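Order of the sequence lines fixes the chain letters, A, B, ..., with proteins taken first and strands second; residue numbering starts at 1 for each chain. Computed from a predicted structure; not experimentally measured.
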Amino acid sequence: MKTCLRFISRFIYISAERNKVASFVSSVRYYYAAAAKTLSDCRWEEGKSSDTQKWSSLEHKGPYFPPEYEPLPDNICFYYDGQPMKLSPATEEIVTFYAKMLDHEYTSKEVFQNNFFSDWKEEMTKEERKLIKTLSKCDFSQIHKYFVEKSEERKNMTKEEKQVLKEEASRLMEEYGFCLLDGHREKIGNFKLEPPGLFRGRGEHPKMGKLKKRIQPEDVTINCGQDSKIPAPPAGHRWKRVQHDNTVTWLASWLENIHGRPKYIMLNPSSKLKGEKDWQKYETARRLKMKVDSIRKQYRRDWTSREMKSRQRGVAIYFIDKLALRAGNEKDDESADTVGCCSLRVEHITLHRRLDGQEHMVEFDFLGKDSIRYYNKVPVEKQVFKNLKLFIKHKDPEDDLFDRITTVKLNKTLNECMPGLTAKVFRTFNASTTLQDQLNKLTTEGMTVEEKILSYNRANRAVAILCNHQRAAPKTFEKSMQLLQEKIQKKKEQIEEAKKELKEAKKAHKDAPSDKSKKLLEKKEKAVQRLSEQLKKLQLQETDHEENKVIALGTSKLNYLDACITVAWCKKHQVPVEKIYNKTQRDKFAWAIDMTDENFQF
DNA sequence: CGACCGACTTGCCATTAATGAA
DNA sequence: TTCATTAATGGCAAGTCGGTCG
């Protein structure tokens, strides 16, 4: 109930803030209704009948369709076996997808080429298919050049031309970018349908290069309120279906043809619907905080269970808790070979009785989500080590490490420990806990705002490292690093110079003390001090930059760190929240801003 | 159970916009 | 004011997890 009240007050505040002119009373009623719904959500044990409704009225304009294909001008041609060849528009469009990618590395991959060519052939006319037999005889270079030039032209547009484009975009946003949900105008996350193109999966994806088809209105299901105006399909077309399902949050959906999975048009994170869900997520993580000691005790007991499945489960949860691994659902072989905790294979770990001066070391090396490599050497409890040895006994490298458990079973166990608990809650919980601990540790009074921000970034970075959030090193990294180092060098020289002058001033003052010499001395002292501070700041920057080379902070900031921690920290240490959250982030975390008081601790 | 599906969150990257140095 | 760097945004792929069905 206490948390529920917190929730209500938060949203009342937001509604007051957002709709200063609008009727406060009706807003309160509105948000109170939302909060009351959440109250029943909190009581998981009471069943789930009442919490399935997501809205009571919903109206929108439907998705925005990408522009139709514009055929190439007559002087731009595809060549087959050295001969120019005019293609049908549909076939030509597919060619342009490939031609645009020509200087990308993946067009040189065999899988990409094969997938592309076989999907392309499917779409060719009979005549074209008869003529075009192998990809290696296809010459897209003229088309490629054409698009390079076009993009160059776009870059060189005048200010006025760019302005026109900008206005066009904002008109589009105004028309399609918002919906009316329970009487509130809310921003839509992705109102534009995905244009056709070639699929590029992450990592070694077996489907890379396949054709992602153009979405027709006849593929799209519309979801809106029973009494709302039904969005008009493009002229001469009709929707696949129009439904009025208020147990889901999406406005439109279609099946993408690569995996045959549904895709959705949904609300922006700034919306109440998403914000409420986000807030709930952190409340669940905070409930785990209360329970985690007993859960840890439990899984440690499981390490010595007579049952293999219990031992495996105990070790798996230990990994999820200690290392913030993902659950690791099973995957089909139609996607890249990546794993999480439950899908780890024997080949992904190496056991070391001793390593780097530590006992019972486990070396992890596997590809996780998005084919990002997870490499880590961690000391584990002796009993865990023993168990791992047991798990890998008589197994081949490609066998599952945890062969007696699945994510479903694991989550079922967790849910029995605490309602709403699943594997991913541990990631949220550990991430937010880490942020809170690090902030408490790294922030001290007397720090400048810059230093505090650096501390925040450090804390943020600790979380990103825990969650293995990586990024490709920025292309300009070396250069910008060099620039920074040059600056530092220059500053050092300036300090040398200033010190020399200081020494001289000292000497002058000693030899012939006077008011003037004293003043000069003080001035020189100040100069040295100021320069040293500047140097320190630059070196701080250098460290920050270096440490951020391959670490991505955004994902954790957006998805794992309870905004209340950040907001409270900002207030407590007089750091303007805008220094930590940009506009978008402030919109997304509106539920936490202004409502969280400075004493909040996760 | 386990396969499958639907809905929703999480994740990295390319593009675009904003900012600051020259 | 222009150009180069950096930050914000949008795009969409790839996870998690609950539900259903045989």
Side-chain angles (χ1 to χ4, degrees), chain A residues 48 52 54 66 104 151 154-155 159 162 165-166 169 173 177 188-195 197 199-203 205 207-208 212 221 223 245 247-250 253 255-256 258-269 273-274 277-278 280-281 320 326-332 334-336 338-343 367-372 406-412 414-415 420-428 431 464 467-477 479-480 483-484 487 545 548 550-560 581-585 587-588:
Chain A
K48 56 241 184 279
T52 47
K54 306 288 174 29
H104 256 106
S151 83
R154 202 148 28 84
K155 242 188 271 170
K159 242 186 211 145
K162 280 181 185 167
L165 244 53
K166 222 173 145 183
M173 169 69 109
I188 298 170
N190 55 329
F191 63 88
K192 286 177 176 169
L193 286 179
E194 293 174 18
F199 174 81
R200 307 117 93 167
R202 314 261 164 82
H205 199 116
K207 296 201 173 191
M208 64 170 84
K212 210 171 84 168
T221 300
N223 192 44
D245 182 355
T247 70
V248 296
T249 66
W250 52 267
S253 78
L255 288 180
E256 54 93 7
I258 303 291
H259 309 279
R261 301 205 315 179
K263 287 215 172 185
Y264 305 92
I265 287 186
M266 289 187 187
L267 295 184
N268 188 273
L273 204 63
K274 294 281 190 191
K277 199 73 191 301
D278 206 32
Q280 261 188 55
K281 176 179 75 184
I320 285 168
R326 296 185 186 82
N329 285 309
E330 288 165 90
K331 296 180 71 185
D332 49 38
E334 302 280 83
S335 51
T338 62
V339 299
C341 184
C342 291
S343 47
L367 295 183
K369 182 179 179 180
D370 293 314
S371 293
I372 298 292
T406 65
T407 54
V408 174
K409 285 188 249 181
L410 187 135
N411 278 335
K412 213 166 257 167
L414 291 176
N415 200 261
L421 184 61
T422 62
K424 85 187 184 84
V425 178
F426 280 90
R427 256 168 98 78
T428 313
C467 294
N468 199 39
H469 292 144
Q470 295 190 258
R471 63 166 182 176
K475 285 188 184 75
T476 54
F477 183 84
K479 215 166 128 193
S480 60
L483 226 65
L484 204 52
K487 265 190 190 168
H545 197 55
N548 265 344
V550 291
I551 309 288
L553 301 186
T555 302
S556 49
K557 201 171 181 181
L558 246 44
N559 300 300
Y560 288 103
Y581 287 146
N582 66 33
K583 182 76 178 71
T584 318
Q585 291 163 167
D587 286 344
K588 167 166 175 158

Counting only side-chain nitrogens and oxygens, does [X] get under 4.0 Å of the OP1 or OP2 atom of [N]?
| X | N | result |
| --- | --- | --- |
| A:N559 | B:dT9 | no |
| A:T249 | B:dC8 | yes |
| A:H469 | B:dG11 | yes |
| A:K263 | B:dA7 | no |
| A:K475 | B:dC13 | no |
| A:Y264 | B:dT9 | no |
| A:T422 | C:dT16 | no |
| A:R427 | B:dG11 | yes |
| A:K54 | B:dC8 | yes |
| A:H545 | C:dT6 | no |
| A:T476 | C:dT6 | yes |

What is the distance, to the nearest angstrom, from the [atom1] atom on [X] to the [atom2] atom on [N]?
| X | N | atom1 | atom2 | result |
| --- | --- | --- | --- | --- |
| A:K331 | B:dG2 | NZ | P | 21 Å |
| A:I372 | B:dC12 | CD1 | P | 5 Å |
| A:N548 | C:dA7 | CG | C1' | 13 Å |
| A:N582 | B:dA18 | CG | C1' | 12 Å |
| A:D245 | B:dA7 | CG | C1' | 11 Å |
| A:E334 | C:dA14 | CD | C1' | 15 Å |
| A:L255 | C:dA13 | CG | C1' | 16 Å |
| A:K162 | C:dT2 | NZ | P | 11 Å |

Would you kindly say whether [X] and [Y] are connected by a side-chain donor-acceptor distance under 3.5 Å?
| X | Y | value |
| --- | --- | --- |
| A:T422 | A:N411 | no |
| A:S253 | A:K263 | no |
| A:S335 | A:H205 | no |

State which of [options] makes the closest approach to the side chain of [X].
| X | options | answer |
| --- | --- | --- |
| A:K274 | B:dG6, B:dT9, B:dT10 | B:dT9 |
| A:K409 | B:dA7, B:dG2, C:dA14 | B:dG2 |
| A:Y560 | B:dA7, C:dA14, B:dG11 | B:dG11 |

Please tell me if the side chains of [X] and [Y] come closer than 4.5 Å, counting only heavy atoms from C-beta onward.
| X | Y | answer |
| --- | --- | --- |
| A:T428 | A:K281 | yes |
| A:I258 | A:K212 | yes |
| A:H545 | A:F477 | yes |

Classify the nucleic acid contact of [X] as base, sugar-phosphate or nothing, counting any heavy atom under 4.0 Å across all strands shown.
| X | value |
| --- | --- |
| A:S480 | sugar-phosphate |
| A:E256 | nothing |
| A:K281 | sugar-phosphate |
| A:R202 | base |
| A:P269 | nothing |
| A:K212 | sugar-phosphate |
| A:N329 | base |
| A:R261 | base |
| A:T338 | sugar-phosphate |
| A:K424 | sugar-phosphate |
| A:A472 | sugar-phosphate |
| A:G189 | nothing |
| A:L558 | nothing |

Original post:
Starting at the 5' end of DNA chain B and moving along, which residue's nearest nucleotide shows up first, A:D370 or A:R154?
Top reply: A:D370
**OP:** For A:T428 and for A:W250, locate the closest nucleotide of DNA chain B by heavy-atom distance; then report the residue assigned to the nucleotide nearer the 5' terminus.
**Re:**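 First, find each residue's nearest nucleotide; the 5'-ward one identifies A:W250.
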Original post:
Hey, which of these two, A:Q585 or A:L421, hits DNA chain C nearer its 5' end, going by closest nucleotide?
Top reply: A:Q585
**OP:** For A:K479 and for A:S371, locate the closest nucleotide of DNA chain C by heavy-atom distance; then report the residue assigned to the nucleotide nearer the 5' terminus.
**Re:**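 So the residue in question is A:K479.
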**OP:** Classify the side chain of A:K277 versus the base of B:dT9 as yes if they form a donor-acceptor pair under 3.5 Å and no if they do not.
**Re:**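 It does not, because no donor-acceptor pair links the side chain of A:K277 to the base of B:dT9 below 3.5 Å.
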Original post:
Shortest non-hydrogen contact from A:R471 to A:I551?
Top reply: NE-O, 3.6 Å
**OP:** Apply the test salt bridge (charged side-chain N to carboxylate O under 4.0 Å, His left out) to residues A:K274 and A:D278: give CA-CA distance (whole Å), side-chain angles for both, the deciding distance (0.1 Å), then the verdict.
**Re:** CA-CA 6 Å; A:K274 294 281 190 191; A:D278 206 32; over 6 Å; no
